[in-house]
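Scroll down for the structure; my scribbles are underneath it.
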Amino acid sequence: MNKKRYLVTSALPYANGYIHLGHIAGAYLPADIYVKYKRLKKEDVIFICGSDEHGTAIEISALKEKVTPKEIIDRYHFANEKAFRDLGIEFDIYSRTSNEIHHKTSQEFFLNLYNKKLLIKKSEKQLYSEIDKKFLADRFVEGTCPICGYEEARGDQCEACGSNLSPLELINPKSKISGDTPIIKESSNFYFPLEKFQTKLEEWISKKTNWKSNVKNYCEGWFKTGLKDRAITRDLDWGVKVPLEGYEGKVIYVWFEAPIGYISATKELFIKKGDPEKWKEYWCDDNTKLIHFIGKDNIIFHAIVFPAMLMAHSGFILPENIPANEFLNLEGGKLSKSKGHGILVKDIVQEYNPDLVRYVVASNLPENKDSDLSIEDFKTKNNNELAGILGNFINRTVVFTKNKFNNKVPERNRNDLEILEDIKKQTEVIEECYENFRFRDALNETMNLARIANKYFNDSEPWNVIKTDIEKCKHIINNCLNICYSIAIAIYPLLPFTSKKILKILNVENSDLSWDKIGKINLVENVELGTNEILFPQIENINKSLENKMEEEITITDFQKLNLKIAKVITCEKVPNSKKLLKLKIKIGKDERQIVAGIAEHYTADELIDKSIVVVANMKKTKIMGIESEGMLLAAKINNKLVLITTDKPIDDGAEVS
RNA sequence: GCCGGAGUAGCUCAGCUGGUUAGAGCGUCGGAAUCAUAAUCCGCAGGUCGGGGGUUCAAGUCCCUCCUCCGGUACCA
């Protein structure tokens, strides 16, 4: 019988931004907890992750910052790698898709499908720049929108009117790289026949009775719409080159190549370990359970696209489970980079004990639905739970030992194992949680160990017993110290740093942790303890500013780009068929113009007439629901309240705001 | 507009295929204790399970409808 193996992956973070708590809650912390638990159970498990480093977004960031893509990916790759490490998230390997081994692996994968004639070749007219010497990907083209006339529409979409475009539709297209006017040229690209795999996928997923319902629901949604073939190559520089002659200047699309990163990273891991063939045990052997930890935005890729790719390639195992999480909100608001709302890991670890961060996130994991995290939690959970329940038990036990028994493990002197058995029994409850990917429950049940322990301490009253029966007291404290050790093991998946600290306090730093040791007698009598330490000092104040650290700072020059003016509303009417749009005519000095504003849910058209408002006067023209808008009015918004910005005292329209 | 998801105690959330008095953690309150980071332990708190209607012997749990929020997708030439 072959032993079961676990191959655990966390979604490859895109190397175009810093990791924040939403990411951690979605894909990384649950995976790390799971892996640590499996390791305690002495299971064969490897934990794979790495940076996803290709794609247009990175290339565009590089273009914007006038640096090479390599600089961008290096910045985020190393920063994120460190962020994970700081949080105690320990991958066996944190690789990156820019590595040579990944390029090679992806190309082999591609060729495998190509040689089987599975890929569909489609020729399409594409824009080609003779100066840049390449085909221009959608987002590298700019031109006039054929629908609304907006002059800087992107190749894929017009930001002004929202129309989806293809670069060929643009009037006067220009290369965003060189400004060159591209010509139309035939370009052929390959498509992956996803449609063909739909039946097989549906069948496969229908058998996955232990998958979370949210994951299955998403899949069913996609099936219902019908899977469509997806382009697998595109005209770009930055990425894995298409390994065929005549396809120079084309790369493999990131969605295809990134998940292969799990395979390349596994290869890399075993090359480093000096056993270069061993990766196959994890990817090609049915005794291995492949588990992808991801956020819900990634479900389509891990539950549908990648499995289809693996089926097409054949020889690989398919995922056993995909315990995708929903999204983590912060103070009721969505975590989003663009809105400057969120907590970056690199910042939070400066502020708090990483185990506290793990604890707060783990107790709020969005396992069944989007969840909400409050900054206040860092304080209350630290003080009330970690310090009060867990830290306190360790501390009261150790301090008691120090004061009454010379800081040495007192002797056992009776045959009473009941409390240790209770502890053991509780761990079975915890195990069940882990096996079912219920990490929030696991955390709660783990804390119950400390609750049981505190109760035992209270009920046993060693501070009284010592006055009448010192032997009995020794036994009690011996139990408590052994419970401390058990707790150190049990909390290890959740609070690895604290676990180590407890071992140090117990002076058994080098002991090999194993789940089986929980509820057993592990400490040697009369051995002296180490130095005590307060595990979770009380937190008095919390730093609310953390949530805003994502906001970009600007200079006065940036501000001056805005041309803010006072305007007077002349007429105003509701835009038919819209929920929140009002169309208003405004007067800015001599200038009269029309703007469309999304405030109908807060103001009626009549209320606005004659009001003095503040508008951004140099806003690019745009069309909203087909209506031209030549500016943007300012309003303050919080929760669901919205009020217009107006002036303190009357002032003529046209006045500048600065 | 359409398709999903969600709306359960003050807060954060559990409640599988409908079935005894709707649960947990934290907070609040009362009590016990004082070894411990004013930490612990015990007890209590009574929430029309978003509104309304329906099916059923029985619904938080199924059906219809409405409201609110969140995703996805479409359209508004």
Side-chain angles (χ1 to χ4, degrees), chain A residues 145-149 158 161-164 209-210 212-225 295-297 299-300 326-329 331-334 336 359-360 362-374 376-377 379-405 433 436 438 440-441 443-448 450-467 473 476-477 480 532-540 575-579 581 601 623-627 639-640:
Chain A
C145 173
I147 292 156
C148 69
C158 171
C161 68
S163 313
N164 289 320
T209 50
N210 57 337
K212 289 170 62 170
S213 61
N214 60 344
V215 178
K216 295 192 87 164
N217 282 341
Y218 270 91
C219 293
E220 274 156 30
W222 288 103
F223 290 142
K224 223 154 89 184
T225 323
K296 65 175 165 187
D297 51 326
I299 290 174
I300 178 148
E326 304 279 311
F327 289 145
L328 179 74
N329 294 322
E331 306 285 2
K334 211 192 342 173
S336 114
Y359 187 85
V360 169
S363 60
N364 283 297
L365 288 177
E367 290 177 331
N368 296 307
K369 55 183 174 189
D370 288 3
S371 67
D372 196 16
L373 181 106
S374 160
E376 197 72 28
D377 283 355
K379 179 179 170 180
T380 57
K381 290 197 186 279
N382 180 76
N383 295 357
N384 301 334
E385 300 180 36
L386 289 172
I389 298 166
L390 173 64
N392 183 234
F393 175 71
I394 308 293
N395 187 248
R396 72 200 298 203
T397 302
V398 172
V399 170
F400 197 96
T401 309
K402 189 177 166 193
N403 292 342
K404 310 292 182 184
F405 299 113
C433 296
N436 291 300
R438 296 200 329 264
R440 213 158 48 179
D441 285 347
L443 175 127
N444 199 16
E445 296 297 349
T446 302
M447 287 305 282
N448 278 339
R451 292 189 179 98
I452 292 169
N454 272 315
K455 181 172 168 48
Y456 174 73
F457 201 107
N458 268 48
D459 294 352
S460 307
E461 303 186 4
W463 59 92
N464 281 335
V465 172
I466 196 166
K467 295 175 197 158
C473 183
I476 293 167
I477 296 302
C480 288
N532 190 27
E533 178 189 355
I534 296 293
L535 295 171
F536 299 97
Q538 296 284 328
I539 292 175
E540 302 295 334
V575 175
N577 298 324
S578 82
K579 202 163 73 178
L581 298 186
E601 287 172 311
K623 274 195 180 177
I624 301 171
M625 281 186 74
I627 301 167
N639 297 326
N640 273 329

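In what follows, every chain begins at residue 1, and chains take the letters A, B, ... in the order their sequences are listed.
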Which nucleotide in the list [options] gets nearest to the side chain of [X]?
{"X": "A/E385", "options": "B/C41, B/G27, B/G25", "value": "B/G25"}
{"X": "A/F536", "options": "B/C41, B/A24, B/U37", "value": "B/U37"}
{"X": "A/N392", "options": "B/A39, B/C41, B/C26", "value": "B/A39"}

Base, sugar-phosphate, or nothing: which does [X] touch, judged by heavy atoms less than 4.0 Å apart?
{"X": "A/L535", "result": "base"}
{"X": "A/G391", "result": "base"}
{"X": "A/F457", "result": "base"}

Less than 4.0 angstrom between a side-chain N/O of [X] and OP1 or OP2 of [N], yes or no?
{"X": "A/N464", "N": "B/C35", "answer": "no"}
{"X": "A/N364", "N": "B/C13", "answer": "no"}
{"X": "A/R438", "N": "B/G15", "answer": "no"}
{"X": "A/R440", "N": "B/A14", "answer": "yes"}

- request: Check whether the side chains of A/R451 and A/N454 place a donor and an acceptor atom closer than 3.5 Å, and report yes or no.
  value: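 Judged by distance alone, the side chains do not pair up.
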- prompt: Do A/D459 and A/K455 pass the salt bridge (Lys or Arg N to Asp or Glu O under 4.0 Å) test, and can you show the C-alpha distance, the side-chain angles, and the key distance before you say yes or no?
  reply: CA-CA 6 Å; A/D459 294 352; A/K455 181 172 168 48; 3.0 Å; yes
message: Are B/C35 and A/W463 stacked, with the base six-membered ring and the side-chain ring centres under 5.5 Å apart and planes under 30°?
response: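 A stacking contact exists, since A/W463 sits close and nearly parallel to the base ring of B/C35.
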- prompt: Counting distance only, does the side-chain N/O of A/N382 pair as donor-acceptor with the main-chain N or O of A/P537 below 3.5 Å?
  reply: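 Between the backbone of A/P537 and the side chain of A/N382 there is a qualifying donor-acceptor contact (under 3.5 Å).
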